[in-house]
Number of protein chains: 2
Amino acid sequence: MTARGLIRGLREQIANQLRDDILSGRFEAGARLSETMLADRFGVSRGPIREALVQLTNEGMLVGKPNCGVVVASAAPDSIRELIVPIRRTVETYALRQFFDSITDDDFAAWEELLEQMKKACQKKDYNATVELDVAFHRSLLVRAGQPDLLAIWQTIVARIRMHFRQAHMKMKDPMRIYAEHRAIVDVFRKGDKEAAVRMLEVNIE
Amino acid sequence: MTARGLIRGLREQIANQLRDDILSGRFEAGARLSETMLADRFGVSRGPIREALVQLTNEGMLVGKPNCGVVVASAAPDSIRELIVPIRRTVETYALRQFFDSITDDDFAAWEELLEQMKKACQKKDYNATVELDVAFHRSLLVRAGQPDLLAIWQTIVARIRMHFRQAHMKMKDPMRIYAEHRAIVDVFRKGDKEAAVRMLEVNIE
DNA sequence: GACGTGTGAATTGTTGACAATCGTAGGTGG
DNA sequence: CCACCTACGATTGTCAACAATTCACACGTC
């Protein structure tokens, strides 16, 4: 437990916070992130900072240069959506088909929990939270499919377009629609209609 | 310069060597990789080893567990190909279209250099090298397109199926065919026929 | 004024040491 | 014989210090 409330296993915690900061615009694209500054800021040594920076560099959130540290990657251009949407549809519907026939009550309980949190985040217009919950919902499908390859691919994709999630959420006239769409997906899952579920998932991905 | 010939900036070099070892089967799936052992083996401290392991974990080559180190990930199932081939085609042809009209002499020089190395590797039946050169060729297209998003996505995909590249290469009756196919792609680039180039690239991706 | 060179501060990259955690082996009790 | 507990060695996670590199600024020369 550090002075900043972080516990052992710092890398992931630091990476998560930095990712949040980048997505929230607290670090601009092109901004240089200094290990020394971050170590001061998190109240830890540079070792775990470096590891977190490696992770975020691999996610594409940062761009590294030997001996010169890392800068915040520029936002993915909008044109990338035309590419990523079909890829996401391919990957996520594939995952859904893998496990649809073995959905359990535990699965539904987990989704209901996510939906409850999503509803609250929508009510509060907390867009960082709605993004993370939207991502978490879709991630749960990949995790449930139980294929690490798919999950790795999907995570890379989503890391690159998180900013787009956020922009899309903020543009919605009624943020409750985020919740409603995912509510509807889970409801179709309950009906056991796989093809309807696949179609609804595809509609959600855009 | 370490005793093992490594120079400063160890992470990438170590990651590259470990990746090669994993792909060559020198570490079995499920095998635990100990930082201490690797540090001894490479003749360096554990710091850069840890960073390399973070990188390879993000690539999906390794699976980490807090406080317990990392194990070698199991090979991607063959069924993943049916998913990855279309994704690769989507990504790589998109990239090719982005830069095709601005191909330079420097581009051709780089590809000729790759092809020369590929030819030699084929003659020597050095399948690790043919895989890396095949990957390098395709990677060059992504790099040339100048979109970090695409490159990150592509790298994640390819990291997961490198073993498949290797198996495919080893199955070829004549390894020179690897060279010949890529030779033909570059030749079509020289003719400036974009659509033919896209089609030939798609045929190569399988 | 423009260009080149040198210097020093800040930072990155690596190392070795210390703290914390885990897994295994052995001992004890029921 | 089995279950539980404890101890210890090996390893992971983190820290602070040292070495190497980069960049910005100041100064000198043309």
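Atom set for the values below is all heavy atoms of this structure, side chains included, hydrogens, waters and symmetry mates excluded. Chain letters run A, B, ... following the sequence lines, proteins first, then strands; residues in each count from 1.
Among the heavy atoms of the strands lying under 4.0 Å from B:Gly47 is at least one base atom, whether or not backbone atoms are also near. Backbone-only contact: B:Ser34 has heavy atoms under 4.0 Å from sugar-phosphate atoms and none from a base.
Under the 3.5 Å distance criterion, the side-chain polar atoms of A:Asn16 are matched with a main-chain donor or acceptor of A:Glu12. The backbone N or O of A:Ile7 lies less than 3.5 Å from a partner atom in the side chain of A:Gln13, making a donor-acceptor pair. Of the possible polar contacts, none joining the B:Asp134 side chain to the B:Thr130 backbone as a donor-acceptor pair under 3.5 Å is found. Panel note: side chain B:Asp107, backbone B:Thr104; a donor-acceptor pair is recorded below 3.5 Å. B:Arg89 places a side-chain N or O within donor-acceptor distance of the main-chain N or O of B:Ile205, the cut-off being under 3.5 Å.
Between the side chain of B:Arg8 and the base of C:dT12, at least one donor-acceptor pair of N or O atoms lies under 3.5 Å.
Nearest to the side-chain atoms of B:Cys68 among the listed nucleotides C:dT15, C:dG23, C:dT21 stands C:dG23.
The aromatic rings of B:His182 and B:His138 stand perpendicular to each other, their planes meeting at an angle above 60°, with 30° marking the opposite boundary. Taking the six-membered ring where tryptophan is involved, the planes of B:Phe189 and B:Phe137 are essentially parallel, since the angle between them stays under 30° and well short of 60°.
With the nearest nucleotide of DNA chain D identified for both B:Asn67 and A:Asn67, B:Asn67 has the one nearer the 5' end. Residue whose closest nucleotide on DNA chain C sits further toward the 5' end, between B:Arg32 and B:Ser45: B:Ser45.
In this structure, CG of A:Leu38 is placed 15 Å from C1' of C:dA10, rounded to the nearest angstrom. Per the geometry, CZ belonging to A:Arg46 stands 9 Å off P belonging to C:dG13, to the nearest Å. As rounded to whole Å, 11 Å separates atom P of C:dT12 from atom CD1 of A:Ile49. Rounded to whole Å, atom C1' of C:dG13 lies 8 Å from atom CD of B:Glu51. Atom CZ in A:Arg50 sits about 14 Å away from atom P in C:dT11, given to the nearest Å. Between the CD atom of A:Glu35 and the C1' atom of C:dT12 there is a distance of 5 Å, rounded to whole Å.
Applying a 4.0 Å cut-off to non-hydrogen atoms, none of the residues of residues 9-19 of chain B approaches DNA chain D.
In 5' to 3' order, the nucleotides of DNA chain D bounding all contacts with chain B (an atom under 4.0 Å from a heavy atom) are D:dT11 to D:dT21.
Between A:Ile178 and A:Leu133, every side-chain heavy-atom pair lies at or beyond the 4.5 Å cut-off.
The only option from A:Arg88, A:Glu181, A:Glu92 that meets the side-chain hydrogen bond (donor to acceptor under 3.5 Å, both in side chains) definition with A:Asn204 turns out to be A:Glu181.
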